[in-house]
Each structure stands twice: as C-alpha cells, then as structure tokens.
There are 4 protein chains.
Amino acid sequence: MKKKITEKSIELFEKKGFTQTSIQDIVDELEVTKGTFYYYFSSKEQLLMAIHLEYIDDLLERQEKIMKDERKSSVEKIRNVIALLINDIKDKGPSGRVFFREIRHLSNHNIGIIKKKRNQIRLNIEKVIRTGMDNGELRPNLKPDIITFAILSLTNYSYQWFKPNGEIHSDELVQIYADVIFNGIMEKND
Amino acid sequence: MKKKITEKSIELFEKKGFTQTSIQDIVDELEVTKGTFYYYFSSKEQLLMAIHLEYIDDLLERQEKIMKDERKSSVEKIRNVIALLINDIKDKGPSGRVFFREIRHLSNHNIGIIKKKRNQIRLNIEKVIRTGMDNGELRPNLKPDIITFAILSLTNYSYQWFKPNGEIHSDELVQIYADVIFNGIMEKND
Amino acid sequence: MKKKITEKSIELFEKKGFTQTSIQDIVDELEVTKGTFYYYFSSKEQLLMAIHLEYIDDLLERQEKIMKDERKSSVEKIRNVIALLINDIKDKGPSGRVFFREIRHLSNHNIGIIKKKRNQIRLNIEKVIRTGMDNGELRPNLKPDIITFAILSLTNYSYQWFKPNGEIHSDELVQIYADVIFNGIMEKND
Amino acid sequence: MKKKITEKSIELFEKKGFTQTSIQDIVDELEVTKGTFYYYFSSKEQLLMAIHLEYIDDLLERQEKIMKDERKSSVEKIRNVIALLINDIKDKGPSGRVFFREIRHLSNHNIGIIKKKRNQIRLNIEKVIRTGMDNGELRPNLKPDIITFAILSLTNYSYQWFKPNGEIHSDELVQIYADVIFNGIMEKND
DNA sequence: CATGAATGAGTGTTCATTCAT
DNA sequence: AATGAATGAACACTCATTCAT
C-alpha cells in the first residue's frame, strides 16, 4: 500500500504539481480513505521527502558505481554519467520531473539533506573532470566547477523537453550531447 | 501601483513560489488591501500572465535585434544570444526564475501564447545554427534542433545555480559556456 | 441619466436578479463609472426602492381611476382590474417581475411602505367584491378576502409563465381568467 | 447531520433568501464548521438542488397516486390536487417557499431537471381537465392549458400570503378555492 | 489497518461604498 | 457632474490534519 501510494502520488504530482494535488486526489484514485494515507505517512511533506530520497539515493549509488570502475578513462566515465542522467529521465521520467520541480515544498531541514546528496553527484563529476585534466584527456585550462554545471544543465534540463517516446532516442541524445561537450560544434580549420 | 504590485509579486513568487504566495501576502507587503489588487488585476493568474508576457516579449525583441544584424557571423550571433540569455538572469533574475518555474500555473490558453513565443526564440537559434553549418562556420554533421536544446539548457538552467553576485562574473560564464559549446572540453591530439 | 440608470437596472435585475447584478454591471452597460451611480442614488437599495415605488404608485393610481368610475358595475370593475394587472405584465413586464421578486431586498422600513400600497390594491378589490355581493351581482355567500387573494393569485402569478409575445394574447387571457372567476369551470346541469 | 443541514438551510433560505444566507450562517446555527458542510455537500448549489429534488419528487409521487385512482371522477381529482398543493404549503411550508423562490439559483442544467418535473405536474392536471371536458363533468369550451395555469396560480401563489396558523384553515381554503374554480363567483339568475 | 466525520485556518474573489479631485 | 483609486467586510470553497471507532 505504501508503494502504491508513492507511485500514484508521483504520477499525480507530475501531472498537476505537488500543491495542486490534494491528499484526497491521491486516495480517491486508490479507492481508499484519507485515514489510510496518514497511517503510512505522517504528512504530505514526508511523502514528498520519501519520493526525493528514493530518487536521489538510487542515482547516487549508480553514479558511484561508475566512478569507482578503474578500467574506465575519465572521458568514458563522463560519457557514462551523461548516459545515466539522461536515461533516468527515460526510465523514471515522472519521478525525475517531480524531483526537479517540487523540492521547494520540502522543509528547510529536508531540503538540506537532499541538496547535500545532489551536491555529492555534482562533486563526483567535478572530480573526474579534474582527473581528466591532470592526465591529459581533457584540455588543461578548464574550470571544472563550471564545466560540471554545463554537463548537469544539459542532462537536468532535458526533462523539460525530452520525450522518451518521441522522434529521437535517448541513446542518440546521449551521443550528441557527449559529442558537443567533448568536441564542440565549431568546424576546425587546421 | 500596478507596477508596484508586479514588482513585489515577482519578488515573492521567486522566494516562495506562485502557489505559496497569497494575494494577502502581496498586499500586506505593499500596505494596501485586496480590493486594490483586484482593481488592477482581474485575477492572480492574470498577474502571472502579465509577468510572463513582459519577460518573454522583451527577450524576444532583443534576440531578434541580434539575429537581424547582418554584420555578425553565425558564431558571433550564437555567442551574443548566449550572452543575452545569461545576462538576463543577472539583470532580471527574479522574473526569469518566475518565468521558468511558474508557467504551469497559467491556463492552457495562456500557456499556449507563452510557449509560442518561447518556441520562436528556440527556432531563431536553430536557424542561425543551420546558417553556420551551411557557410562552413560550424561542423556540417550537427543536428540543429538538438544543438539548440543544448544551448538553451546551458542558459536556462543557469538560473538554478548561478548567483550574479557570486564568485564568477556573468561575462566569464558566457565566455566559458561559449567555449564549451564551440570547442568542447576534450584535448585535441594532432 | 437617472432615468437611464433605472431602466438599465430593471433590465438587469430582471435578467440576473437583484443580488446577482452589481453596480459595476449597471454602470459598465451605460459606459459611466460607479461615481456617477452614487451621484444619483445613495445606495443600491434606494435604486430598488425607486423602481418599486414607480411601479406600485402607477398601478395604484390606475386602479383607483377604475374604482371611482360610477358608471361601472362591480363585475365590470373586477374585470377591468384583472385586465389592468395582466396587461401590466405585458406592458411593463420587466419591472413587474422585479417588483414581485426583489421586494425582499428592501429594508424593513421600505418593505412596510410598499406593502401598505400593495395592501391598498388588495383592499380596493375586496371592497368592490363586497359591493357586488350586496347588490346581487355576486353570490352572497363568498368570503371577500379569500376571493381577492384568488384574483390576485391569477394575475400576479401570471408573470411566472405568461409570455406576452407567445401564442396567447393578453386580451384572451383576461377573458378566460374572468370567465373562470365569474362562472367556474363546471358544467351546469339544470 | 446531512438532514440537519438541509433542514436548517431550508429554514434560513426561507427567512433570508438563498443568496443572503451564507454557508457560515448555516454552520454557525448548527454549531459545526464549514468543513463539515462541505463534507456533506459539494457546493451551495448542490444543497439547493437536493432541497428542490426532495420537494418536487415527493409532490409528483403523491399527485400521481391521485391521478391513477380510477374510482375518482375528474372533478374529485382536481379537488384532491388542489388540496394536495395547498396542504403542502401548510405541511412543508418553508421548503415550498424555497422551492418557488430560489430555483433561479440553480445551474441551467439543474433548472432543466426541476422544470421537467414541474411540467409533469402541470401536464397531469391538464390531462384530467381534458378528461373532465370529454366526459361532461366540465364545460366543453375550456382551454385546458390556461385553466391549468389558473389552478396552479391559486395554489402556488398561496405560499405568498397564506399563513397555516392564521385565521383561516387550509381545509377551508381548499374548499373556497375549489368552489371558485368549479362554480365561479357570479350570482346565477335563472 | 482502515474508516469517516469533523476541524479550522486559509484562499481567491466580489462588491457596495467612499472620497479626493 | 463625473472620475477612478481604494477600502474592507464578506463569500464560497479547499485542504492537510486529527481522532474516535
């Protein structure tokens, strides 16, 4: 039941937004009553927090698996992380959108917890960029923090427009984005 | 007074979000009454629409001024548009954030109007990319629509993290982002 | 202007009801502002009272003209009064409907004034019925007060369903109603 | 509680009118809160509709019981219907008054539903008049539709003035009204 | 585990009225 | 004679939350 509530909530939060979705809406769709909801969650915010935690913990775990793989070059790791973040939108689209949009409705305390984990993801990318700069895979004059933001912008903003079942496939998008990031769009005349 | 209401609303919408900001909050801060608000705006949504229109119309106008300048190369135009979009966040930060976050609270009809203008901005970028590809400034094998999304991701997502008064100056950010987009981050070994 | 306000108000009060019609609605239709309204009327209720007074005073005056005519029999007078009340709906339909429906929105003091005049109309009918009973025109065993209510029911309720431009003409309605009142509907077997 | 709300609402709607009665007024009198009201009724209009439906359905049902009674002559049926309608005002006075006065505040859709049932009552009377004309109980030259309006005028308008605990008893009123309708008020000279 | 009745604070909105100009 | 800005009290309605059963 807890699982069912979470899933239906994600669906509704994505469609109508957190504030616009009432507990009543959620329990109506599940054909239970409000009492049931409050048996499993102590508040609407706690439900939102659960959704956020599940999303970010899973993502972080999978990212760190990539990061720890010593057989991969820095470039490969970056490419893998881009793939991870883009594919997440394909596979867990609604919860991703909820994650990016509704964090504001958490309490300050909970926002802190989530942001810490989000920062961890960012710092992991920054670190691999630094490594790549040091070992000659990447240009030596980059600002790793800004480059990290550039990568996260590409991936995170894609939830705003990327339709997983649309014309372009997520694998193709990953390839194009990686190509832009690594090679740029300008014609090289040498 | 209409101006004062709009400005205070943008400030509050940015801080607390559209739904979390009540008309009461707005008029309390201005030390007027709700009647005054409704003398100037027929509804809360109409106020939000006014904010959106003002933002997008100004942006579109300035973009088209760049696009029409025949002395500029495609690369220059792209660089100028990146600068335009990034600097907007510096100069009109709060309304930009409201613009990107609260569009959902407009009616479908109004969303349509805004999206049409937003699409125009996107299509203008796409067009200049195509021109650059045709005249040899840009690599010939690009997907202009996706590249456009990449550029918009960089600029639009920056409102999420870029602090205009922080360590990094907006001009510097523009330069780095343009460098990434044009040249990529990978070291060229030739 | 005062006349214009009154007329437009009657029109709107009939269409939407007194409470549902705002001062704003009235002045919008006349393309003036609320200030203008309050220059001519001190309150919304005073406007309603003016409408009521105009209606009832005119009606009462015309009824008393009928009553004082010594050449008319009682039966003729009753028939004339029925015609007067029915035709009023044809000629001054909207204000009649406002009169019958919106009196409740007057203050107690004003309701008293109107009801006094309305009672006068009723008592005038009652008196002519008594006269008719005394002089043998009408059956001697009637209750004049109840008969009066019967007559007023027929005429006053007609505003609820009678459409002046519909199939039946008001003259015909008067004739049928007078026939019912005077002769009844039962077949006489003698 | 639903019953209590309905009853108190009828009482208040009758005293002050639908528009002039706020939900707050209703719940204050019952010493509950607005939330309770909205737990039982989804809107103020829905409450009004419930009142209307209860009134008209009961009336229609009782009328049709009279109409189907084959032992009764047409004249008897008409007399019974007059008694039914008049007594309803005695027994369910307030809801009758609400019924006749506040229908306008229903939505068009709901007005349609109620009017259909109201028309059924009217058509049932019209039919029995036609039968009476055919079988010689009533004068053959009547207009059944207008006569029906006459009867309904007498009964329906009585809510405007008839006080069940006043001088005159409802049985007496029925008798007088039936006498007027059947025999008229004019002295027959034969 | 789950229900359903009830709460109470809050929301956007309306509107008759006032008043300086 | 008319305007337009402003008021403030009221209104229908919403909703997260509580709690006895």
Between [atom2] on [N] and [atom1] on [X], what's the gap in Å once rounded to a whole number?
X: L106(B); N: dG12(E); atom1: CG; atom2: C1'; answer: 16 Å
X: L47(A); N: dT17(F); atom1: CG; atom2: C1'; answer: 14 Å
X: E31(C); N: dG4(F); atom1: CD; atom2: P; answer: 13 Å
X: F41(A); N: dA2(E); atom1: CZ; atom2: C1'; answer: 16 Å
X: Q24(B); N: dG8(F); atom1: CD; atom2: P; answer: 12 Å
X: Y38(C); N: dA20(E); atom1: OH; atom2: C1'; answer: 17 Å
X: Q20(C); N: dA12(F); atom1: CD; atom2: C1'; answer: 13 Å
X: E45(D); N: dC11(F); atom1: CD; atom2: P; answer: 19 Å

Tell me which nucleotide among [options] gets nearest to the side chain of [X].
X: M1(B); options: dA6(F), dA12(F), dA16(E); answer: dA6(F)
X: T36(C); options: dA6(F), dT13(E), dT3(F); answer: dT3(F)
X: T33(B); options: dG12(E), dA16(E), dG8(F); answer: dG8(F)
X: K34(D); options: dC13(F), dA2(F), dT17(F); answer: dC13(F)

Check your understanding: Which part of the nucleic acid does T19(D) contact within heavy-atom distance under 4.0 Å: base, sugar-phosphate only, or nothing?
Key ->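 The answer is nothing, as T19(D) stays clear of every strand by at least 4.0 Å.
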
Review point. NA contact type, S42(A), heavy-atom cut-off 4.0 Å: base, sugar-phosphate, or nothing?
Key: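 No contact at all - S42(A) keeps every heavy atom at 4.0 Å or more from the nucleic acid.
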
Check your understanding: Now, which nucleotide makes the Watson-Crick or G-U wobble pair with dC11(F), with each of the two distances under 3.5 Å?
Key ->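 With both distances under 3.5 Å, dC11(F) matches dG12(E).
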
**Study point:** For dA1(F), the Watson-Crick or wobble counterpart (both distances under 3.5 Å)
**Key:**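 Its partner is none (no Watson-Crick or G-U wobble pair with both distances under 3.5 Å).
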
**Study point:** OP1 or OP2 of dA1(F) under 4.0 Å from side-chain N/O of Y39(C)
**Key:**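 So the side chain of Y39(C) is within the cut-off, an N or O lying under 4.0 Å from OP1 or OP2 of dA1(F).
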
Check your understanding: Hey, does the side chain of S43(A) come within less than 4.0 Å of dA16(F)'s phosphate (OP1/OP2), counting only N and O?
Key ->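 For dA16(F), neither OP1 nor OP2 has a side-chain N or O of S43(A) closer than 4.0 Å.
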
Review point. Taking the side chain from R101(C) and the backbone from E14(C), do they hold a donor-acceptor pair closer than 3.5 Å?
Key: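 Yes; judged by distance alone, with no hydrogens or angles, the pair exists.
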
Check your understanding: Is D25(C) reaching over with its side chain to a backbone N or O of S22(C), donor-acceptor style, under 3.5 angstrom?
Key ->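 At least one qualifying donor-acceptor pair exists.
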
Review point. Could you go step by step and tell me if D88(A) and Y55(A) meet the side-chain hydrogen bond (donor to acceptor under 3.5 Å, both in side chains) rule?
Key: CA-CA 10 Å; D88(A) 237 48; Y55(A) 186 84; 3.3 Å; yes

Practice item. Hey, which sits more toward the 5' end of DNA chain E by its nearest nucleotide, F37(A) or I23(C)? Key: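 Looking at the nearest nucleotide for each, F37(A) comes out on the 5' side.
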
**Study point:** Check: E102(B)/H52(B) side-chain N/O donor and acceptor closer than 3.5 Å
**Key:**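 No, H52(B) and E102(B) have no side-chain donor paired with an acceptor closer than 3.5 Å.
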
**Study point:** First encountered from the 5' end of DNA chain F, between F18(D) and Y40(B)
**Key:**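 Nearest nucleotide further toward 5': that of Y40(B).
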
Point to revise | S22(D) vs S22(A), nearer the 5' end of DNA chain F by closest nucleotide | key: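 The answer here is S22(D).
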
Exercise for review: Considering only NZ, NE, NH1 and NH2 on the basic side and carboxylate oxygens on the acidic side, decide whether E11(A) and K8(A) come within less than 4.0 Å.
Suggested key: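 Judged by the 4.0 Å cut-off on N to carboxylate O distance, E11(A) and K8(A) do form a salt bridge.
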
Exercise for review: Scan K3(A), K2(A), K117(A) and name whichever one has a salt bridge (charged side-chain N to carboxylate O under 4.0 Å, His left out) with E54(A).
Suggested key: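 Filter result, single survivor: K3(A).
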
Exercise for review: Can you tell me, in whole Å, how much space there is between the C1' of dC1(E) and that of dT21(F)?
Suggested key: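 Between the two C1' atoms, the distance is 13 Å.
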
